[in-house]
Participant: 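I'd like to ask you about the structure that follows.
Predicted model, so just to flag it, every value in this text is computed and none were measured. Lettering follows sequence order; numbering is per chain, from 1.
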Number of protein chains: 2
Amino acid sequence: MQSRINKIFKAIADPTRREIFHVLVLATTALSITQIAGQFNISRQGITKHIMLLHDAGMLEIESIGREKYCQANLSALNEIRDWLAFYDKFWDESLKNLQDFLDTKNS
Amino acid sequence: MQSRINKIFKAIADPTRREIFHVLVLATTALSITQIAGQFNISRQGITKHIMLLHDAGMLEIESIGREKYCQANLSALNEIRDWLAFYDKFWDESLKNLQDFLDTKNS
DNA sequence: AATTATAGCAACCAAATGGTTGCTTAAAAA
DNA sequence: TTTTTAAGCAACCATTTGGTTGCTATAATT
């Protein structure tokens, strides 16, 4: 099985999916699949596939009401990306130190 | 042409590429392509392709010395991802407010 | 009860992706 | 100078991806 972070990275790798997520974040209310599809120049089925992928990555929640499915962005999924990034924070200092050493050498 | 952030997201969407980046961050010194390939169960050519993609996304720098090419992670590329994430920060509050409203309703 | 609208299922398709191998070029070491 | 070694180029391959269409099921509206 695929890891969570891998699913998320795969999900946001596609610009259309990023835009779907974006639209859902901006929307004040949850949107049905056809409502979302209406915003794109792609068939409803195409959009459905993207939505399922996003959902699978935990980036949006889906609530069925009658025949409709309402989607809403799950912002907390972004924390997984933040965590992934956080690991590299500790190397940032070192990188700056290397730069400082370089500048020191130049001025001596 | 593809946007910068799109290249970066595409680059990190693949687990092998994330690992190459990871290895380069951990390495105290720059590594040649064969050195990197030695860490993976993939042919050198396969690794080269990944490296080119990462380089194209600005995630690593390559310096040619003689017949060798030395690669080094470029941590600052991660800032593009941070910027992308930062946009959604302002929606967090709202999201928390919605949760608070929900809890308030339950307790009344 | 008939019609319309929302969504699922499945098959299909072209292009992109992640990998391989074989051969060449050129630098370094023997 | 011959032989290794590092890397590039190009063709090839299977799988995944991003999209389509046609048809079905079911809920809502008239």
Participant: Test your reading of the model: is there a side-chain donor-acceptor pair from B:Gln35 to the backbone of B:Ser32, 3.5 Å cut-off?
Facilitator: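 The answer is yes, because a donor-acceptor pair under 3.5 Å joins these two groups.
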Participant: A:Tyr70 versus A:Thr29: any side-chain heavy-atom pair under 4.5 Å?
Facilitator: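 In short, these two side chains do not touch, never coming nearer than 4.5 Å.
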Participant: Five pairs per end, C1' atoms only: what is the angle between the end axes of the helix from C:dA1-D:dT30 to C:dA30-D:dT1, to 10 degrees?
Facilitator: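 Axis-to-axis angle, ends of the helix: 20°.
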Participant: Considering heavy-atom distances to DNA chain D, does B:Gln35 or A:Lys10 have its closest nucleotide positioned more toward the 5' end?
Facilitator: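 Result: B:Gln35.
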Participant: Picking from B:Leu75, B:Leu60, B:Asn74, what satisfies side-chain contact (heavy atoms from CB on, under 4.5 Å) with B:Leu24?
Facilitator: B:Leu60
Participant: For B:Ile62 and D:dA6, give me the distance from atom CD1 to atom C1', rounded to whole Å.
Facilitator: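 Atom CD1 in B:Ile62 sits about 14 Å away from atom C1' in D:dA6.
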Participant: Nearest whole Å is fine: how far is D:dA27 P from A:Ile33 CD1?
Facilitator: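 Nearest whole value for this atom pair: 15 Å.
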Participant: Would you name the heavy atoms of A:Ile8 and A:Ala57 that are closest together and state the gap between them?
Facilitator: CG1-O, 3.5 Å
Participant: Just say parallel, tilted or perpendicular for the rings of A:His22 and B:Phe87, cut-offs at 30° and 60°.
Facilitator: parallel
Participant: Please report whether the ring centroid of A:Phe40 lies less than 6.0 Å from that of A:His50.
Facilitator: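 Distance test on ring centres: not under 6.0 Å, no.
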Participant: Find the distance A:Leu54:CG to D:dT17:P and express it as a whole number of Å.
Facilitator: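 Those two atoms, CG and P, are 14 Å apart.
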Participant: Return the value, rounded to whole Å, for the distance between atom CD of A:Glu19 and atom P of D:dG19.
Facilitator: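 That distance rounds to 11 Å.
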Participant: CD1 of A:Ile42 versus P of D:dG18: gap in Å, rounded?
Facilitator: 10 Å
Participant: Is there side-chain contact between A:Lys10 and A:Gln2, with heavy atoms separated by less than 4.5 Å?
Facilitator: yes
Participant: On DNA chain C, reading 5' to 3', which nucleotide is the first and which the last to sit with an atom under 4.0 Å from a heavy atom of chain A, could you check?
Facilitator: C:dA5 to C:dC9
Participant: Counting the atoms with a prime plus P, OP1 and OP2 as sugar-phosphate, which does A:Gly46 contact under 4.0 Å by heavy atoms, base, sugar-phosphate, or nothing?
Facilitator: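 Base contact - A:Gly46 has a heavy atom under 4.0 Å of at least one base atom.
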Participant: How many angstroms lie between CD1 in A:Ile81 and OH in B:Tyr88, if you round to the nearest 0.5 Å?
Facilitator: 10.0 Å
Participant: For the side chain of A:Arg67, counting heavy atoms from C-beta on, which of D:dG8, D:dA28, D:dA6 is nearest?
Facilitator: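 So the side chain of A:Arg67 is nearest to D:dA28.
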Participant: Could I get a table of every N or O pair under 3.5 Å where one atom is in the protein and the other is in nucleotides 22-25 of chain D?
Facilitator:
unit_1: D:dG22; atom_1: O6; unit_2: A:Gln45; atom_2: NE2; d: 3.3

Participant: Assuming nearest nucleotide by heavy-atom distance, tell me which of A:Arg17 and A:Glu68 is located more 5' along DNA chain D.
Facilitator: A:Arg17
Participant: Taking NE2 from A:His50 and P from D:dT17, how many angstroms apart are they, rounded to a whole number?
Facilitator: 12 Å
Participant: Checking A:Arg44 side chain against A:Thr34 main chain: does a donor-acceptor pair fall under 3.5 Å?
Facilitator: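 Answer holds: no.
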Participant: Using whole Å, report how far NZ of B:Lys69 lies from C1' of D:dT5.
Facilitator: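 Taking atom C1' of D:dT5 as the reference, NZ of B:Lys69 is at 16 Å.
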Participant: Base, sugar-phosphate alone, or nothing: which one does A:Thr34 contact when heavy atoms must sit under 4.0 Å apart?
Facilitator: sugar-phosphate
Participant: Compare all side-chain heavy atoms of B:Phe91 with those of A:Leu26 and state whether any distance is below 4.5 angstrom.
Facilitator: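 Heavy-atom side-chain distance check passes, below 4.5 Å.
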Participant: What is the distance, to the nearest angstrom, from the CZ atom on A:Arg18 to the P atom on D:dT17?
Facilitator: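 So the two atoms are 16 Å apart, to the nearest Å.
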Participant: Could you tell me whether B:Arg4 and B:Asp56 make a salt bridge, using a distance below 4.0 angstrom between a side-chain N and a carboxylate O?
Facilitator: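 Salt bridge: no.
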Participant: Do B:Ile47 and B:Leu53 sit in one hydrophobic cluster, given that two such residues count as connected whenever their side-chain heavy atoms are within less than 4.5 Å of each other, even indirectly?
Facilitator: no
